[in-house]
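These notes are about the structure you will find just below.
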Amino acid sequence: MRAQDLLLVTLREPPAEAEIPSHQWLVRGGFIRRVASGIYAYMPLMWRVLRKVEAIVREEMDAIGALELRLPALQPAELWRRSGRWDTYTAGEGIMFSLRDRQGRELGLGPTHEEVVTSLAADLIRSYRQLPVCFYQLQTKFRDEIRPRFGLMRGREFIMKDAYSFHADEEDLRRYYGSMDQAYRRVFARCGLKVLAVQADSGAIGGAASQEFMAMAEAGEDLVLSSADGRYAANQERAQSLPPPAAPLKVTADECFATPGQATIEAVCAAHNLHPTQTVKVLLHRASFADGPDQPVLTVLRGDQEVNTVKLANVLGRLLAERGPLLALERLEVDTLPAHGAQLPVGFLGPDLADDAVQGTPGLVGGFLRIVDPTAADLAGFVCGANAPDQHRRAPGWRALALSFTRADVRSAQPGDRCRHDSEAVLTATRGIEVGHIFQLGRKYSSALAACFNTEGGGTEPMWMGCYGIGVSRLAQAAVEQNHDDNGMIWPVGIAPFEVVITVANGEEQEQRRLAEGLYGELRAAGVDVLLDDRVERAGVKFKDADLLGIPWRVVVGRNAARGGIELKARSAREVLDMDAPRLLPHLLPRLQRQRRGSLPETGSGVEV
RNA sequence: CGGGGCGUAGCGCAGUUUGGUAGCGCGCUUGCUUUGGGAGCAAGAUGUCGCAGGUUCAAAUCCUGUCGCCCCGACCA
């Protein structure tokens with residue numbers, strides 16, 4: 001490709017719309033253009049990158065026997081009603097774009113494809129002899145995100161590789177999940193990404209085990225907690241840890257005491273010489289389900305702990321499974337709730353807050369579902385709110401409250417917490433960009449959509465399923481987030497828009513032009529992805545653009561051209577290597593071949609599993 | 001959804017407080033000179049000031065509505 005023909009439009013200043021480096025550089029380099037919030041055009045340079053990522057993904061998926069197909073983005077609501085996800089995905093905070101066609105039929109734009117693929121599998125697969133099978137596709141996904149952000153990082157339309165596997169038993173699902181894990185590691189290595197595999201919450205997809213692949217970066221939206229020994233890493237949504245030990249509190253009598261204006265744990269502790277671990281806090285939530293009115297929820301944690309709403313939502317979904325899927329979980333606006341005709345004593349609530357405290361609130365029916373985290377449940381004596389303004393209570397234990405609670409881990413693990421696998425090890429926090437996620441789904445979808453097969457023994461059973469995603473467009477931007485400097489992007493060779501750029505320093509010099517054209521032909525003949533910068537621009541402009549675009553190798557044909565001399569420079573390095581033109585190929589080719597593998601080790605070629 | 005900010009030339013911005021009919025830098029076009037890290041000089045082109053109403057002799061500026069974009073938050077008890 002010649003730069004003359006590339007319609008290269010680069011910007012000198014960072015665009016106002018972009019916050020993080022990768023977004024700024026992609027816009028400045030002319031890789032992407034915003035069309036609407038969270039919706040981007042992939043310009044020719046970006047499209048080259050995306051096609052390279054897709055090619056790597058294809059090779060690795062094909063290598064583990066997955067079958068590529070293409071499923072529709074436009075999907076009938078009926079299919080989603082059968083899996084029970086239409087309401088969760090369209091109502092409330094739902095992320096599915098939905099519409100009606102001219103006949104009034106409801107349709108959705110696919111945010112994911114479990115329903116479609118499972119119904120196809122149900123049609124096609126009759127016998128255990130056909131299993132296992134894995135389908136995958138590279139496709140545009142649509143998600144009506146609450147807040148699209150950071151360019152391609154969280155878009156409303158984006159490219160995703162999704163794969164779905166079907167198995168006769170759980171053992172085979174586990175085996176295939178393992179080979180998918182390995183395939184993912186190879187994909188990310190070949191793309192030149194530094195990725196950490198972490199335990200993850202399954203979220204709205206559901207299922208048992210799940211693992212996320214995090215590209216480590218400051219701009220990441222996820223918090224990862226990991227131990228230095230490499231034995232534990234998890235998304236904070238999912239992470240478990242040992243809480244700090246509580247300071248013992250001896251409570252001899254069950255009594256209330258005055259805490260005027262002390263509506264926070266901090267204030268109570270300061271005024272009465274207490275430690276936050278000697279107190280408990282009470283949180284009120286409203287849980288909305290597909291069936292029936294909203295459920296009030298009262299959650300108790302030790303005073304120094306934070307609630308993890310993902311864990312809490314999972315617990316509620318399990319405890320109230322008969323109410324249908326959990327649509328929303330939000331904090332109750334306590335200030336507006338009536339309590340016995342007056343307002344609730346905010347800041348002075350106790351675990352034994354009466355069931356009728358929130359009655360009369362629109363949409364809320366029934367008494368509290370009371371949940372207590374082990375950090376609070378294990379306290380012998382503690383201080384809590386007395387359910388009266390400016391009053392707290394010393395409680396000599398849970399028996400004094402005479403109420404039953406469901407005990408469940410709903411606390412958020414924090415950096416600095418000790419690890420469960422080794423109480424000497426401590427969790428540290430890093431930020432990550434979720435570029436891949438693999439799930440063992442189990443039989444949730446196959447049961448709902450009657451995707452069954454005949455077993456060897458003659459019975460009929462729902463298939464075991466796994467699903468596996470890679471955010472292709474997000475991955476490409478994450479690569480920039482991990483690889484850039486003050487002058488622009490530094491693409492890993494495996495996914496760079498071009499591997500080499502030949503910069504003609506002065507296009508009016510015949511020797512330079514002739515030599516550059518010769519090298520251009522040689523490199524192309526050798527299978528190198530090369531850009532010839534033959535534009536009528538000054539050398540400085542071309543150097544700046546080459547750096548901005550992040551092409552990993554730069555060959556300069558300039559002042560030494562007359563005697564056949566050129567320069568070679570790696571985008572990531574400072575040094576410039578002078579050499580004679582004929583030496584370029586023998587020098588560069590072996591290096592390129594190595595770099596095309598990314599960080600994939602020489603031995604572990606992408607075939608065996 | 002709540003809070004904050006912003007829409008003025010292709011890009012980045014000033015001008016809005018105090019109303020007087022639109023400007024700067026970069027980019028773009030033409031010419032000359034220059035030619036290894038975003039060149040210099042000269043001459044030029046480019047705007048329904050997001051949109052729609054209203055107030056006024058007069059609106060980018062004031063008022064009302066509306067659309068769009070960005071950021072923060074969805075916490076504490």
Side-chain angles (χ1 to χ4, degrees), chain A residues 7-20 23-24 27-28 30 33-39 92-94 144-151 154 221 259 261-269 276 279-286 298-301 303-309 328-335 337 339 343-351 353 357 383-387 389-390 392 412 486-488 503-509 512 533 535-549 554 556-561 565-567 569 574 576 578:
Chain A
L7 186 66
L8 199 54
V9 180
T10 55
L11 305 178
R12 288 200 184 201
E13 292 174 87
E17 74 190 48
E19 189 79 359
I20 62 172
H23 187 194
Q24 293 184 349
V27 174
R28 280 191 60 183
R33 287 281 175 146
R34 189 176 57 74
V35 172
S37 176
I39 302 176
E93 303 276 272
D144 193 2
E145 293 285 350
I146 299 173
R147 184 139 98 87
R149 248 200 285 221
F150 301 149
R154 184 169 294 279
E221 295 186 276
T259 52
Q262 296 156 18
T264 64
I265 296 218
E266 206 176 29
V268 172
C269 287
T279 69
V280 303
K281 64 165 89 168
V282 171
L283 295 81
L284 304 183
H285 286 87
R286 167 201 296 268
L298 183 152
T299 307
V300 190
L301 292 128
D304 62 316
Q305 296 298 308
E306 303 296 327
V307 71
N308 179 329
T309 52
L329 176 65
E330 53 195 22
R331 291 294 281 275
L332 278 178
E333 292 299 326
V334 185
D335 318 38
L337 297 180
Q343 283 204 335
L344 276 182
V346 180
F348 305 92
L349 302 182
L353 183 65
V383 166
C384 62
N387 295 315
D390 298 334
H392 276 74
S412 203
D486 291 346
N487 295 316
T503 302
V504 186
N506 185 344
E508 291 182 4
E509 299 276 340
Q512 293 187 20
D533 194 347
R535 291 176 300 164
V536 187
E537 290 285 354
R538 296 164 57 86
V541 173
K542 298 187 192 181
F543 292 148
K544 284 287 185 191
D545 275 343
D547 285 352
L548 171 59
L549 301 188
R554 186 180 75 195
V556 180
V557 181
R559 51 193 159 218
N560 301 330
I566 57 164
E567 293 158 25
K569 180 181 174 297
R574 282 191 164 278
V576 176
D578 282 292

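To find a chain, count down the sequence lines: A is the first, B the second, and so on, and within it residues start at 1. Note that these values count all heavy atoms, side chains included, but never hydrogens, waters or copies made by symmetry.
Checked against salt bridge (Lys or Arg N to Asp or Glu O under 4.0 Å), E17(A) has the following partners two or more places apart in sequence or in another chain: R34(A). Here H392(A) pairs with T259(A) under the side chain to side chain donor-acceptor pair (under 3.5 Å) rule; sequence neighbours left out. Remark: E19(A) pairs with no residue by the salt bridge (Lys or Arg N to Asp or Glu O under 4.0 Å) rule, at least two apart or across chains. Residues that satisfy the side chain to side chain donor-acceptor pair (under 3.5 Å) test with R554(A), not counting sequence neighbours, are absent from this structure. For E221(A), the side chain to side chain donor-acceptor pair (under 3.5 Å) test picks out R149(A), R154(A), with sequence neighbours left out.
For the side chain to side chain contact (heavy atoms under 4.5 Å, CB included) test with R28(A), the passing option among T10(A), L548(A), V9(A) is L548(A); the others fail. Checking each of Q512(A), R559(A), R538(A) against N506(A) for a side chain to side chain contact (heavy atoms under 4.5 Å, CB included) leaves exactly one that passes, namely Q512(A).
H23(A) has its NE2 atom 12 Å from the C1' atom of C69(B), to the nearest Å. Between the CG atom of L301(A) and the P atom of C75(B) there is a distance of 13 Å, rounded to whole Å. Rounded to a whole Å, the CD atom of Q24(A) is 12 Å from the C1' atom of G12(B). Between the CZ atom of R34(A) and the P atom of G68(B) there is a distance of 12 Å, rounded to whole Å. One can place CD1 of I20(A) at 10 Å from P of C72(B), the figure rounded to the nearest angstrom. Here the P atom of nucleotide A77(B) and the NE2 atom of H285(A) are 11 Å apart, to the nearest Å. Look at CD on E330(A): it is 17 Å from C1' on A77(B), rounded to the nearest Å.
Using P as the reference atom, A22(B) and A9(B) are 15 Å apart when rounded to the nearest Å. Taking atom P in both C24(B) and U66(B), one finds a spacing of 36 Å when rounded to whole Å. Distance noted for atom P between C49(B) and A59(B): 12 Å (whole Å). Going from the P atom of G20(B) to that of C32(B) covers 44 Å, rounded to whole Å. Using atom P as the reference point in both G5(B) and A52(B), the two lie 25 Å apart (nearest Å). Nucleotides A58(B) and C13(B) have their P atoms positioned 34 Å apart, rounded to a whole Å. For G19(B) and G25(B), the P atoms lie 28 Å apart once the distance is rounded to whole Å. Across the P atoms, G37(B) and A45(B) are found 33 Å apart, a figure rounded to whole Å.
No side-chain donor-acceptor contact under 3.5 Å links K281(A) to the backbone of T264(A). Without hydrogens or angle criteria, K542(A) side chain to A505(A) main chain gives no donor-acceptor distance under 3.5 Å.
In this entry G38(B) has no Watson-Crick or G-U wobble partner, no candidate having both defining distances under 3.5 Å. Nucleotide C6(B) has G68(B) as its partner under the Watson-Crick or G-U criteria, with both atom distances under 3.5 Å. The pairing partner recorded for A60(B) is none, the criterion being a Watson-Crick or G-U wobble arrangement whose two distances lie under 3.5 angstrom. A 3.5 Å limit on both hydrogen-bonding distances identifies C28(B) as the Watson-Crick or G-U partner of G44(B). With a 3.5 Å ceiling on both atom-pair distances, the Watson-Crick or G-U wobble partner of C1(B) is G73(B). Pair check for U21(B) finds none; no Watson-Crick or G-U wobble contact set falls under 3.5 Å.
Of the side-chain N and O atoms in R147(A), none sit less than 4.0 angstrom from OP1 or OP2 of A74(B).
In this model, a side-chain donor or acceptor of R331(A) finds a partner on the base of A77(B) within 3.5 Å.
Considering only side-chain atoms of A16(A), the nucleotide from G12(B), C72(B), C69(B) that sits closest is G12(B).
Each of E19(A) and P15(A) lies near RNA chain B, and the nucleotide nearest P15(A) is the one positioned closer to the 5' end. Residue-to-nucleotide proximity on RNA chain B shows that, of P14(A) and Q305(A), the 5′-proximal contact is made by P14(A).
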Once base and sugar-phosphate atoms are separated, protein heavy atoms under 4.0 Å mark nucleotides 34-47 of chain B, 5' to 3', with B, S and - as BBBBBB--------
